[in-house]
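Inspection log for the structure reproduced underneath, given as structure tokens.
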Amino acid sequence: MNEKYFPKEIEDKWQRRWAEEKTFEVKEDPGRQKFYGLEMLAYTSGRAHIGHVSNFSIGDALSWYKRMRGFNVLHPFGWDAFGQPAETAAIKEGTDPEEFTREAMAYMKWQFQRMGLTYDWSREIATCDPEYYRWNQWFFTQMLKRGLVYRKNSPVNWCPKENITLSNEQASQGRCWRCGAPVIQKDMVQWFAKITAYADQLVDDLEQLEGKWPERVITQQRNWIGRSLGAEVTFQIAESDESVTVFTTRIDTIYGANAIVLAPEHPLLPKVLEGKPEREEVLAFAENLKAEQRAAALDEQEKKGIFTGGYAINPFNGERLPIWIANFVLIQYGTGAVMAVPSGDQRDFEFSRKYSIPFRQIKLTADGGEIQPEDLQEADESWTTTVNSGRWSGLDSREANRLMTEYAEANAFGKVAITYKLRDWGISRQRYWGAPVPVIYCEKDGVVPVPDDQLPVILPPNANLKVEGGSPLDHIPEFVNVECPACGGPARRDTDTMDTFVDSSWYIFRYCDPHNDELPFDPEKVDYWMPVNQYIGGIEHAVLHLIYTRFWTKMMRDLGLVKFDEPVLSLLTQGMIIKETYECPEHEWLFPEQVSEDKTCKLCGRPVTVGRVEKMSKSKKNAVDPIEIIDIYGADALRLFVLFAGPPEKDKEWSDAGIEGSSRYLQRVWRIAAKWQPKVANDEAASASSLDQAALQDYQRRLRRRTHQIIRAITENFEDRMHFNTCISSLMELTNEIYSFDQAVEKNGGPTGSDISVAREALEALTRMLAPFAPHAAEELWESFGHAESLARSEWPGFEQDLTREEGIEVALQINGKLRSKIFASPDASEDDLKQAALADEKVKAAAAGRDPAKVIVVPKKLVNVVFK
RNA sequence: GGGGAUGUGGCGAAAUCGGUAUACGCGAAGGUCUCAAAAACCUUUGGGAUAACCUCCCGUGUGGGUUCGACUCCCACCAUCCCCACCA
């Protein structure tokens with residue numbers, strides 16, 4: 001074996017061998033337990049970035065471990081290949097999105113292969129392949145038949161910069177999730193997936209994920225679905241046959257209602273205004289509010305409203321409540337109308353104060369006294385005791401809430417109601433680079449789904465992407481004009497494409513059976529591999545992809561394709577790799593070497609602004625190209641570094657010194673392995689397990705003990721924490737132990753037979769445990785130790801509990817809780833032994849000064865605390 | 001406004017169940033080797049007092065509390081970051 005570590009050579013060799021021998025290709029094997037490990041679908045952006053390296057290194061380490069533990073490991077890879085950026089890039093460069101995407105895919109695949117990732121490449125998928133998106137279309141038609149997708153004219157979120165519609169999830173905070181442009185509302189006929197039909201299941205099944213998904217993802221999903229239990233109450237409109245229904249979670253405060261407030265878009269508004277002198281003014285005001293809302297989606301606006309001139313009757317007490325419209329009432333939520341209770345809701349409070357709408361009821365102070373309305377500083381939204389509420393006064397508010405809802409129900413002016421923030425998922429896009437919506441419009445037969453035997457509807461090549469208005473597909477007559485599949489008459493195709501989140505909602509399943517042309521997948525294969533045991537990806541998908549794929553799974557379950565509720569058993573959201581940026585007021589972005597230690601610009605001496613960002617870019621001068629790093633240090637060093645920098649879920653800062661450290665560590669392993677290799681590879685040495693432990697020297701027993709302790713530590717870490725940074729620390733410790741052992745051997749004048757056995761045990765354990773983190777180096781070492789089979793087919797090392805036992809331990813001796821001394825004891829020392837040893841200690845005797853201790857606390861194997869009063 | 005997280009040496013971090021804080025690595029200092037340098041190897045490295053590698057004091061964002069004992073649990077606060085946000 002080579003004396004020096006040459007990563008390039010080794011990595012080329014093993015990447016070639018793995019590919020030739022199809023080492024990581026797997027198939028169903030009912031006799032073996034499966035493990036499905038998955039990293040999120042890679043978007044074909046054009047270049048691999050360091051975030052990919054981090055994501056894939058985590059997943060790959062776990063795959064290695066599970067494989068060596070004997071699991072049948074499915075670890076597939078694929079491309080999220082449709083989408084806006086490819087189209088934008090193609091428009092800019094005058095090329096074709098397909099060409100752009102295929103090139104990006106080829107280049108990125110080469111990059112990822114140079115990382116030596118252990119994917120089953122035979123299962124590679126790309127969402128832009130007709131053999132893949134055909135099944136998107138199939139699902140669409142299945143859903144259409146079941147009413148799970150439907151068309152409706154609705155205001156959609158529209159990104160004016162990219163000219164696309166966005167889902168609510170993609171337009172949160174009023175900005176486009178990709179380009180950040182302010183989102184506007186636009187009316188359009190759109191396809192919607194009925195995710196709200198699964199709202200309850202999506203909330204309830206979160207319980208199954210408790211403890212296995214990060215708490216914050218569960219919380220975010222729960223908040224996003226936003227189920228809230230309350231009541232709908234119907235108020236008769238005075239001098240009219242009409243009524244208005246509001247949604248409230250606090251019907252117990254209804255005696256405090258002082259107004260009914262409608263959203264400006266509320267359909268009842270024209271009727272309320274009928275014949276009123278305020279009519280024109282109010283309608284103009286409403287138009288104004290709508291316009292303002294569109295313009296300023298970002299910040300909370302000042303509350304604005306106007307009295308309509310109409311009144312509604314409070315069904316509980318017959319009071320006449322003025323009907324207002326206001327900007328803070330949202331048409332999309334609840335019934336688009338609320339009852340204002342200024343004493344119980346901060347928004348209503350501000351609104352009532354601003355427009356001097358008199359308060360009807362007030363809350364009790366803590367000591368039971370009444371507060372006058374003018375003394376109120378803010379609304380009290382807590383659950384306390386009802387006041388001034390007729391026969392419900394003095395009740396616990398929760399109890400009142402229940403009783404009053406029942407009363408309303410019994411008297412037919414109200415009912416229990418549940419509302420959700422979740423809205424149906426708009427899935428049509430007026431763009432080219434996506435899967436065509438498989439629908440045909442016929443004058444006679446209406447909306448006709450494309451029959452299964454005519455799928456896929458192929459995305460036509462060479463579209464003009466620069467057309468104004470509508471989708472580019474609108475302008476391709478041979479695509480648009482078709483025969484109606486039902487009557488054969490002339491018909492038109494739908495020219496929208498599907499949101500790319502449809503593609504990624506079910507790709508997890510496709511990996512189980514990626515080339516099936518009968519069905520999206522064979523349910524039996526899915527039954528073997530699914531659910532995903534460990535899913536790894538970014539937190540940015542907490543409410544996008546992860547809620548869509550959960551929805552899709554439930555939908556497929558109802559189609560009879562799968563037998564379970566949740567697609568992903570365990571989720572890890574990995575942190576970002578961030579890198580500092582430096583910005584100088586004079587010289588803009590600076591390279592790190594242009595910044596002096598006191599964070600001033602070396603060119604002009606001005607203080608620089610230090611930023612911490614994930615997105616690396618050339619313009620900000622903080623880019624790190626994984627391939628450049630691999631060229632210098634090797635893929636193993638790079639992978640080792642990103643895993644060693646911190647625990648997977650935490651953000652980690654890129655560091656050039658860190659990558660050198662990783663590289664140095666691998667060289668250090670290499671040196672000691674190369675030194676012992678000629679002896680270790682010799683089969684004549686006895687195996688360590690046959691050695692007589694009692695006959696070994698101290699340094700030999702120590703190395704065996706440390707070896708077994710470290711195997712235990714790393715194994716446990718893989719099983720329940722996946723904190724690979726500490727696994728790597730442990731490997732470094734083991735390496736250091738081998739070096740110390742080596743020195744002891746040198747001192748004794750060279751290795752004996754038992755030295756070789758002990759060294760082999762340690763080196764082979766080290767090599768096998770290195771495989772998840774630095775697989776190429778590990779494979780090469782393993783081979784050089786005389787093993788013909790790939791490490792991928794070898795076992796994870798086991799440990800013997802007996803050998804992990806310390807021979808002598810150091811026990812802390814505390815006096816009154818402060819560390820004062822140490823006791824050396826046997827690990828078997830009884831509590832009483834330790835107590836006696838502690839009391840015999842000089843320091844303890846001195847502190848005692850003749851007194852008896854008030855208390856002696858013994859923690860076996862750890863410490864003794866002697867307490868004097 | 002709501003929700004979540006984080007705060008430990010010069011730096012990345014460790015401490016898994018309330019039990020010796022700072023493992024492992026980076027950086028730094030000194031040494032060995034060398035004509036020299038690099039690499040490698042060895043030693044030291046939280047702060048302070050002291051002649052002292054004896055010993056003592058302080059020390060995990062701040063202030064309290066519980067406990068024989070708190071980075072860890074509880075309360076309040078400060079700072080930073082992330083997500084959601086007029087959701088009735």
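By convention in this document, chain letters (A, B, ...) are assigned in the order of the sequence lines, proteins followed by strands, and residues within each chain are numbered from 1. These numbers come from a predicted model, not from an experiment.
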remark   = Closest to the side chain of Pro647(A), out of rA14(B), rC42(B), rC24(B), is rA14(B)
task = Pick the P atom in rC82(B) and in rC17(B), then give their distance to the nearest Å.
result = 29 Å
Detail all sub-3.5 Å separations between protein N/O atoms and N/O atoms belonging to nucleotides 64-68 of chain B.
from    : atom 1 : to        : atom 2 : distance (Å)
rC68(B) : OP1    : Lys855(A) : NZ     : 3.3
rC68(B) : O2'    : Asn865(A) : ND2    : 3.4
rC68(B) : O2     : Asn865(A) : ND2    : 2.4

task = Salt-bridge test for Arg347(A) and Asp345(A): reply yes if a basic N is under 4.0 Å from a carboxylate O, no otherwise.
result = yes
ask   = Should the heavy atoms of other residues, nucleotides or ligands under 6.0 Å from CD of Glu207(A) be counted, would the total exceed 12?
value = no
inquiry  = For Lys415(A), I'd like to know if atom NZ has over 12 heavy atoms of other residues, nucleotides or ligands within 6.0 Å.
reply    = no
note = From CD of Glu719(A) across to C1' of rU16(B) the rounded distance in Å is 14 Å
ask   = Under 4.0 Å between a side-chain N/O of Thr335(A) and OP1 or OP2 of rA88(B), yes or no?
value = no
task = Starting from P on rC86(B), measure out to CD on Gln332(A) and report it in whole angstrom.
result = 9 Å
key: Options rC56(B), rG25(B), rC82(B), nucleotide nearest the side-chain atoms of Lys843(A)   = rC56(B)
note = Classified by glycosidic angle (syn within 90° of 0, else anti), rC35(B) comes out anti
key: Under 3.5 Å: donor-acceptor pair, side chain of Asp651(A), backbone of Met576(A)   = yes
Gap between atoms CZ and P, on Arg222(A) and rG4(B) respectively (whole Å) = 11 Å
remark   = Whole-Å distance, Lys650(A) NZ to rU6(B) P, equals 9 Å
Integer-rounded Å distance: rA39(B) C1' and Glu3(A) CD = 15 Å
request  = Could you work out the separation of rA79(B) and rU8(B) based on their C1' atoms and round it to a whole Å?
outcome  = 16 Å
task = Kindly point out which of rU20(B), rG3(B), rA88(B) is positioned nearest to the side chain of Leu330(A)?
result = rA88(B)
inquiry  = Suppose you measure atom C1' in rU50(B) against the same atom in rC56(B); what distance do you get, rounded to whole Å?
reply    = 9 Å
Minimum-distance nucleotide to Arg721(A) side chain [options: rU16(B), rA23(B), rA88(B)] = rU16(B)
query = Do Arg216(A) and Glu649(A) sit within salt-bridge range, that is, some charged N less than 4.0 Å from a carboxylate O?
reply = no
request  = Take atom CD1 of Ile714(A) and atom C1' of rC24(B), then tell me their distance rounded to the nearest Å.
outcome  = 12 Å
Most 5' of Asn736(A) and Phe247(A) on RNA chain B, judged by nearest nucleotide = Asn736(A)
key: Nearest-Å distance once atom P is located in both rA23(B) and rA14(B)   = 13 Å
message = Output the rounded distance in Å from CZ (Phe349(A)) to P (rG1(B)).
response = 15 Å
ask   = Mind checking the P distance from rC24(B) to rU43(B)? Whole angstroms is fine.
value = 12 Å
task = Counting heavy atoms from C-beta on, name the nucleotide in rG4(B), rC86(B), rU16(B) closest to the side chain of Arg216(A).
result = rG4(B)
query = Under 4.5 Å between any side-chain heavy atoms of Tyr633(A) and Arg664(A), yes or no?
reply = no
What does the list of N/O pairs under 3.5 Å between the protein and nucleotides 27-32 of chain B look like, with a distance for each?
from    : atom 1 : to        : atom 2 : distance (Å)
rG27(B) : OP2    : Arg664(A) : NH2    : 3.2

message = Between Phe235(A) and Phe413(A), is the ring centroid distance below 6.0 Å?
response = no
request  = Give a yes or no on whether a salt bridge exists between Lys861(A) and Glu806(A), defined as a side-chain N under 4.0 angstrom from a carboxylate O.
outcome  = no
message = Could you tell me how far rU22(B) sits from rA76(B) if I compare only their P atoms? Round to whole Å.
response = 32 Å
Distance, rounded to the nearest Å, where Ile728(A) contributes CD1 and rC24(B) contributes C1' = 10 Å
query = When you check the phosphate oxygens OP1 and OP2 of rC58(B), does a side-chain N or O of Lys818(A) lie under 4.0 Å from one of them?
reply = yes
ask   = When we call it a touch if two heavy atoms are under 4.0 Å apart, what does Arg820(A) touch: a base, just sugar-phosphate, or nothing?
value = sugar-phosphate
request  = Quick one: pull up OG1 in Thr386(A) and CZ in Arg398(A) and give me the separation to the nearest 0.5 Å.
outcome  = 13.5 Å
ask   = How would RNA chain B look in dot-bracket form, 5' to 3', counting Watson-Crick and G-U wobble pairs with both distances under 3.5 Å and writing | for bases paired to another strand?
value = (((((((..(((......[....)))((((((.......))))))((((.....))))..(((((..]....))))))))))))....
query = Got a sec: does the CD of Glu3(A) have more than 12 other heavy atoms crowding it under 6.0 Å?
reply = no
Separation of the C1' atoms in rC78(B) and rU62(B), to the nearest angstrom = 7 Å
